[in-house]
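One structure, pasted below without further comment.
Atoms within each ligand, like the ligands themselves, are counted from 1 in listed order.
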Amino acid sequence: MADRVPSIRLNSGYDMPMLGLGTYNSFRPNEVGDAVKAAIQMGYRQIDTAWIYQTEQEIGVAIKELIKEGKIKREELFIVTKIWGHCHEPDQVEPACRKSLEALDMDYVDLYLIHFPVAYVDKERTKPTMTDYLDTWRAMEKLVDKGLVRSIGVSNFNAQQLDRILKMDGLKYKPANNQVEITPYLAQDDLLQFSLKNGISTTGYGPFGAPGQVYIPKDAPKFLEHPTIVDIGKKYGKSSAQVILRWGIQRGYALVPKSTNPSRLAQNMDIFDFELSKEDMKAMLALDKGYRVNHEQFLPWKDHPFYPFEK
Ligand code: A2P
């Protein structure tokens, strides 16, 4: 099944599978490890984590077990993790990366992302600092040269911030990827087009609106129950979740839906045997309202010059 998942060729020359497993949020012990094992055995090759998710260690153990059992090789996997905002000072970047590698018990990660453009004094984000993400970026480039990471990128950056990196003095490596929220209510078309034009791949997180933490206006239907999406799904014999993922694949970005449930993991992988028509793609795009699910948690820093979103 794995060879059915298309890849995006990154500007670093490496290929990133377009479907990955998201592993944010709190989990019961072994929950994420079990999900990773189930996912890899059904063909997932990209696993998305972050230092702040606290799932790196369990993911590392699960992958090691699969490797030991001969079910997968490290080089067949694409592992993504992210540096948190309390480690943006250039001299903290390599130690932070090494901590993640140690937790994952890996020699390298495939993609290392700056999690958010704003830096903080501490991991609880009690207070932002003025550390410039351009300085963090220079330190990220050194990780590539040291072989600790294969590709580097960012997350939650807007187009102006990407452009600022692209235009920085002495840029050695362009961002290979920007991981941002993309949902039917937040299509992010301008950002996607800007990134495509500049050779930066995009990954969409939270494709289903992370049910449970949805801040969309109360009268707006949840994505998975949206009548337009349900009706499109009926035409193809697919669920709303599958329509949302397929819409993303056809728009050219990677997706990292989270699930710990084996049947939903399988369902989310089963999106490569149908194609949405032009009309259905348009109908999906017409649902865009600019509503951001992951908004309120970031609002305390809305006056910071590096705050990436509309206020
Ligand atoms: P579960 O882990 O029980 O499958 P997002 O990736 O947008 O953050 O959404 C993750 C949430 O969506 C999780 O609560 C997950 O629950 C649920 N989910 C994942 N896949 C599906 C699916 N195919 N259908 C319905 N809900 C899903």
**Request:** Specify side chain, backbone, both or neither for S259, according to which of its non-hydrogen atoms lie closer than 4.0 Å to ligand 1.
**Result:** both

**Request:** Considering the heavy atoms of A241, write down every atom of ligand 1 situated less than 4.0 Å from one of them.
**Result:** 22 (C), 23 (N), 24 (N)

**Side chain, backbone, both or neither: N268 near ligand 1, heavy atoms under 4.0 Å** =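 Near ligand 1, N268 shows its side chain, while the N, CA, C and O stay back.
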
**Prompt:** Closer than 4.0 angstrom: is that true for some heavy atom of G22 and an atom of ligand 1?
**Reply:**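 Checking ligand 1 against G22, which is what was asked, there is no heavy-atom contact under 4.0 Å.
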
**Message:** Using a 6.0 Å distance limit plus a 45 degree cone around the ring axis, check whether R150 lies over the aromatic ring of Y108.
**Reply:** yes

**Message:** Restricting to ring pair (Phe, Tyr, Trp, His ring centres under 6.0 Å), what partner residues turn up for Y236, sequence neighbours left out?
**Reply:** F274

**Prompt:** Short list, please: which atoms of ligand 1 are under 4.0 Å from a heavy atom of G209?
**Reply:**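 Heavy-atom distances to G209 below 4.0 Å select 7 (O).
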
**Message:** Nearest non-hydrogen contact with atom 21 (C) of ligand 1 belongs to which option: E31, K258, R264?
**Reply:** R264

**Item:** L224, portion touching ligand 1 at heavy-atom distance under 4.0 Å
**Value:** side chain

**Message:** Does any N or O of ligand 1 fall below 3.5 Å from an N or O anywhere on P207, backbone included?
**Reply:**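 Yes - when backbone and side-chain N and O of P207 are compared with those of ligand 1, one distance drops under 3.5 Å.
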
**Prompt:** Given the side-chain rings of Y14 and F78, with only the six-membered ring counted for Trp, is the space between their centroids under 6.0 Å?
**Reply:**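 When the ring centroids of Y14 and F78 are compared, they turn out to be at least 6.0 Å apart.
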
**Request:** Report the distance from atom CD of E56 to atom CD of E58, rounding to the nearest 0.5 Å.
**Result:** 12.0 Å

**Message:** F208 versus ligand 1: do any nitrogen or oxygen atoms come within less than 3.5 Å of each other?
**Reply:** yes

**Complete:** Taking only non-hydrogen atoms of G206 and a 4.0 Å limit, the atoms of ligand 1 in range are 5 (P), 7 (O), 8 (O)

**Flag, side chain of K127 to backbone of D122, donor-acceptor distance under 3.5 Å** =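 Side chain of K127 to backbone of D122, a donor-acceptor pair under 3.5 Å: no, none is there.
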
**Message:** List ligand 1 atoms under 4.0 Å from P257, heavy atoms only on the residue side.
**Reply:**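 The list of qualifying atoms is 6 (O).
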
**Prompt:** Are Y205 and ligand 1 in contact, using a heavy-atom cut-off of under 4.0 Å?
**Reply:** no

**Asked** Side chains of Q267 and S239: do they bring a donor and an acceptor to under 3.5 Å?
**Response** yes

**Complete:** N261 heavy atoms within 4.0 Å reach ligand 1 at atoms 4 (O)

**Message:** Within the structure, is a non-hydrogen atom of S239 found at a distance of less than 4.0 Å from ligand 1?
**Reply:**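 Under 4.0 Å: no for S239.
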
**Item:** Cation-pi geometry met for K258 and Y24 (6.0 Å, 45°)
**Value:**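 That pair qualifies as a cation-pi contact.
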
**Request:** Answer yes or no for R164 and F157: cation-pi contact, defined as NZ/CZ to six-membered ring centre under 6.0 Å and angle to ring axis within 45°.
**Result:**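 Judged by the rule (NZ or CZ under 6.0 Å from the ring centre, within 45° of its axis), R164 is not positioned above F157.
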
**Asked** Would the Y173 and W137 ring centres measure less than 6.0 Å apart?
**Response** no

